[in-house]
Amino acid sequence: MADNKQHKKRKQLLIAGAVIILAVLLYDLSPFGGNIRFYVKWAQCGSRPVETAGLPGINWYQEAPIYAPIRTQVWYCTPLEAEQAGYSASATTWTFPHLHKN
């Protein structure tokens, strides 16, 4: 009897764990998660990409964190690519140091 209850409890825990893992994967594949897309971009670039950020007024780029619960930004492989797309290197002033290198 007790062995049957333990088996049933293990099965319930296994199902609950599988449901949680599936929910996390589905969230990450959604437009709100985005970590899998970020890691694919990282592999395409060969190094960690920069991500866009912005407030009303100035749009800038910054180093992307390794993990974030929500990723809705655009990523560029290099700061030069981000600057070419119109993103500043600074959050306070418009600066484009990679565009103006000689």
Side-chain angles (χ1 to χ4, degrees):
M1 243 341 158
D3 194 35
N4 195 17
K5 284 184 179 182
Q6 265 188 335
H7 179 70
K8 191 173 184 177
K9 191 171 186 175
R10 280 188 196 150
K11 186 176 179 182
Q12 288 174 340
L13 286 173
L14 183 63
I15 291 172
V19 167
I20 289 171
I21 290 170
L22 183 63
V24 168
L25 282 174
L26 288 175
Y27 172 76
D28 201 42
L29 290 171
S30 76
F32 301 108
N35 283 300
I36 291 175
R37 292 189 325 267
F38 171 71
Y39 297 133
V40 168
K41 182 70 171 180
W42 192 337
Q44 289 172 344
C45 295
S47 62
R48 187 176 354 168
V50 295
E51 69 181 12
T52 60
L55 295 171
I58 293 181
N59 292 320
W60 71 93
Y61 64 88
Q62 60 194 11
E63 186 174 307
I66 293 175
Y67 178 81
I70 299 175
R71 290 198 189 264
T72 58
Q73 301 84 354
V74 175
W75 304 293
Y76 293 97
C77 289
T78 64
L80 176 61
E81 289 178 2
E83 290 175 14
Q84 289 171 335
Y87 292 93
S88 173
S90 170
T92 56
T93 61
W94 289 105
T95 56
F96 302 94
H98 297 90
L99 284 179
H100 302 297
K101 279 187 177 178
N102 291 331

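Keep in mind the model is a prediction, meaning the values are calculated, not measured. Numbering of residues begins at 1 and proceeds along the displayed sequence.
When all heavy atoms are compared, the tightest approach of Glu83 to Leu99 is OE1-N, 3.0 Å. Pairing each heavy atom of Phe96 with each of Tyr87, the nearest pair is CE2-O, 3.3 Å. Here the closest heavy-atom approach between residue Val50 and residue Ala82 is recorded as CG2-CB, 4.1 Å.
Judged purely by atom type and a 3.5 angstrom limit, Asn35 uses its side chain to pair as donor or acceptor with the backbone of Ala68.
Partners of Thr92 according to the side chain to side chain donor-acceptor pair (under 3.5 Å) rule, which considers only residues two or more places apart in sequence or in another chain, are Ser90. Residues meeting the side-chain contact (heavy atoms from CB on, under 4.5 Å) test with Glu63, sequence neighbours left out: Arg48. Residues satisfying the salt bridge (charged side-chain N to carboxylate O under 4.0 Å, His left out) test with Glu51, not counting sequence neighbours, are Arg71. The side-chain contact (heavy atoms from CB on, under 4.5 Å) search around Ile58 returns Trp60, Ser88, Trp94, not counting sequence neighbours. Judged as a side-chain contact (heavy atoms from CB on, under 4.5 Å), and not counting sequence neighbours, the contacts of Ile15 are Lys11, Val19.
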Quiz: residues 73-81 side-chain donor-acceptor pairs under 3.5 angstrom, not counting sequence neighbours:
from  : atom 1 : to    : atom 2 : distance (Å)
Thr78 : OG1    : Glu81 : N      : 3.1
Glu81 : OE1    : Cys77 : N      : 3.0

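Linking Ile, Leu, Val, Met, Phe, Trp and Tyr whenever their side-chain heavy atoms come within less than 4.5 Å leaves Leu26 and Ile21 in two separate clusters.
To the nearest 0.5 Å, atoms CZ (Arg10) and NZ (Lys5) are separated by 15.0 Å.
Side-chain atoms of Ile66 and Phe38, non-hydrogen and from C-beta on, never get closer than 4.5 Å to each other.
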